[in-house]
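For reference, the structure is listed below as structure tokens.
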2 protein chains.
Amino acid sequence: MSIIKPTSTNFSNKKSLENDCLEVYTSNLISGQWVLPICYALLEKKLRFADFKEIFPNITDRVLTLQLRKLERNKILKRTVYPEVPPRVEYELTSIGNELKPVIKELERWGAKHKEYVSVQNKINGAN
Amino acid sequence: MSIIKPTSTNFSNKKSLENDCLEVYTSNLISGQWVLPICYALLEKKLRFADFKEIFPNITDRVLTLQLRKLERNKILKRTVYPEVPPRVEYELTSIGNELKPVIKELERWGAKHKEYVSVQNKINGAN
DNA sequence: TATGTTACTAACAAATATGTAAGTTATGTC
DNA sequence: GACATAACTTACATATTTGTTAGTAACATA
């Protein structure tokens with residue numbers, strides 16, 4: 001999400017891993033601090049740039065733009081610009097974007113279980 | 001995965017997002033370039049340090065150590081050191097680690113669909 | 001006493017992601 | 001003509017992750 005060097009070890013490792021492992025491919029598509037929350041919000045309804053800033057008061061214009069553009073590039077959302085002034089831009093999930101729902105649900109489900117697991121383990125081991 | 005500043009904007013955003021969104025919580029736990037491949041490999045059987053290096057020839061000792069330690073810290077895997085020389089250390093998934101299987105499957109499923117979606121879209125739009 | 005083995009660690013460097021602050025654009029309304 | 005507006009962009013700074021290279025420990029065996 002910014003400038004990447006197609007010649008770096010990092011880049012080539014990333015590419016070969018995402019080629020070999022579909023789960024890494026997906027993980028790379030939904031990486032980015034605000035990507036999942038953005039998709040989550042879009043599952044409910046289409047949103048404008050300013051809507052996101054209201055939902056996520058701590059995101060900056062720059063990072064919001066970067067993450068939205070990445071999602072657009074990967075066809076997870078569609079960006080519609082209305083030729084008005086001041087500009088109006090709407091973001092909505094594509095069909096494959098909408099299909100992220102079960103993925104997100106699964107992540108949530110496991111996350112809840114993990115939290116529970118950790119708290120139980122900590123009790124057993126008498127952590128404070 | 002290394003030194004983090006608990007006072008940075010980045011850190012506090014991350015924390016508040018993972019508090020509010022379970023899917024972000026999970027995503028943060030399975031982030032790290034080699035984490036999912038490591039877990040994937042461990043779903044089949046327990047492995048030693050050198051086994052990982054054989055499976056992933058491009059990972060370095062340092063990064064492998066970092067990622068394994070992160071997984072251990074988060075109780076996704078268990079590290080067993082045998083008091084021998086030369087040392088023998090075995091890594092295996094905990095029960096919650098094993099439960100990552102359906103998560104991984106879901107990520108794979110969506111990834112395959114996404115690849116298909118993108119290729120179809122490209123045909124429609126006459127991309128070369 | 002020197003060597004080999006395995007699983008690391010340390011010091012440093014590069015790459016990538018995120019954050020800060022200050023513009024810019026185009027046009028309708030005052 | 002000056003101003004407000006929404007959705008950005010730019011230049012720069014910081015934070016975090018990943019990679020490179022060169023060790024280290026501890027003991028069994030040669």
Side-chain angles (χ1 to χ4, degrees), chain A residues 1-18 24 27-38 46-54 56-72 79-91, chain B residues 1-18 24 27-38 46-54 56-72 79-91:
Chain A
M1 209 96 89
S2 60
I3 298 149
I4 56 163
K5 284 213 172 168
T7 55
S8 71
T9 304
N10 185 309
F11 183 77
S12 71
N13 281 341
K14 193 163 182 167
K15 284 305 159 192
S16 80
L17 279 171
E18 76 182 30
V24 174
S27 174
N28 288 344
L29 289 182
I30 62 178
S31 74
Q33 191 119 118
W34 307 84
V35 160
L36 282 173
I38 286 170
K46 63 174 72 164
L47 294 168
R48 295 178 58 177
F49 195 84
D51 294 332
F52 289 114
K53 301 213 293 172
E54 205 173 320
F56 310 114
N58 291 321
I59 200 171
T60 61
D61 284 14
R62 171 175 150 69
V63 172
L64 178 54
T65 301
L66 284 172
Q67 313 239 331
L68 289 171
R69 288 295 152 79
K70 174 181 172 178
L71 286 167
E72 189 193 3
R79 177 170 172 269
T80 309
V81 184
Y82 295 89
E84 301 171 3
V85 168
R88 179 159 65 96
V89 179
E90 282 184 351
Y91 294 91
Chain B
M1 211 97 85
S2 61
I3 297 149
I4 56 164
K5 283 213 170 169
T7 55
S8 70
T9 303
N10 186 310
F11 183 77
S12 71
N13 281 340
K14 194 164 181 168
K15 285 303 157 191
S16 80
L17 280 171
E18 76 182 30
V24 174
S27 174
N28 288 346
L29 289 181
I30 62 178
S31 74
Q33 191 117 117
W34 307 84
V35 160
L36 284 173
I38 285 170
K46 65 174 70 165
L47 294 167
R48 296 178 57 178
F49 195 84
D51 294 332
F52 289 115
K53 301 214 295 172
E54 204 174 320
F56 310 115
N58 291 320
I59 201 171
T60 61
D61 284 15
R62 170 175 151 69
V63 172
L64 177 53
T65 301
L66 284 171
Q67 313 241 330
L68 289 170
R69 289 294 152 82
K70 175 182 173 178
L71 286 167
E72 189 192 5
R79 178 170 171 270
T80 309
V81 183
Y82 295 89
E84 301 171 3
V85 168
R88 180 159 64 98
V89 180
E90 282 184 351
Y91 294 92

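All chains are named by letter (A, B, ...) in the order of the sequence lines, taking the proteins before the strands, and each is independently numbered beginning at 1.
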Which nucleotide in the set [options] lies at the smallest distance from any side-chain heavy atom of [X]?
X	options	value
Asn13(A)	dT5(D), dT20(C), dG19(D)	dG19(D)
Val85(A)	dT27(C), dC8(C), dA7(C)	dT27(C)
Phe11(A)	dT16(C), dG19(C), dG19(D)	dT16(C)
Ser8(B)	dA15(D), dG19(D), dT5(C)	dA15(D)
Val63(B)	dT6(C), dT18(D), dG19(C)	dT18(D)
Val89(B)	dC8(D), dC8(C), dT27(C)	dC8(C)
Arg62(B)	dG19(C), dT9(D), dG19(D)	dG19(D)

Position toward the 5' end of DNA chain C (nearest nucleotide), Asn58(A) or Ala50(B): Ala50(B)

Residue mapping more 5' on DNA chain C - nearest nucleotide basis, Lys14(A) or Glu84(A): Lys14(A)

Note: Lys53(A)-Asp61(A) ion pair, threshold 4.0 Å (strictly below): yes

Upstream residue (5' side of DNA chain D) when Pro86(A) and Pro86(B) are each assigned their closest nucleotide: Pro86(A)

Rounded to the Å, how far apart are [X] [atom1] and [N] [atom2]?
X	N	atom1	atom2	answer
Gln33(A)	dT17(D)	CD	P	10 Å
Leu66(B)	dT9(C)	CG	P	9 Å
Phe49(A)	dA6(D)	CZ	P	12 Å
Tyr82(B)	dC8(C)	OH	C1'	18 Å
Phe52(A)	dC8(D)	CZ	P	10 Å
Leu64(B)	dT6(C)	CG	P	15 Å
Asp61(B)	dT5(C)	CG	C1'	13 Å
Gln67(A)	dA7(D)	CD	C1'	17 Å

Positive for side chain to side chain contact (heavy atoms under 4.5 Å, CB included) with Arg62(A), one of Leu66(A), Thr65(A), Ile59(A): Leu66(A)

Heavy-atom side-chain proximity of Ile30(B) to Ser27(A) below 4.5 angstrom: no

Residues, nucleotides or ligands: over 12 heavy atoms within 6.0 Å of Glu54(A) CD: no

Parallel, tilted or perpendicular, as decided by the 30° and 60° cut-offs, for the rings of Tyr91(A) and Phe49(A): tilted

Please confirm whether the shortest side-chain N or O distance from [X] to OP1 or OP2 of [N] is below 4.0 Å.
X	N	value
Arg88(B)	dC27(D)	no
Arg69(A)	dA7(D)	no
Thr9(B)	dT18(C)	no
Tyr91(A)	dA6(D)	no

Flag for Ser31(A)-Lys70(A): side-chain donor and acceptor within less than 3.5 Å: yes

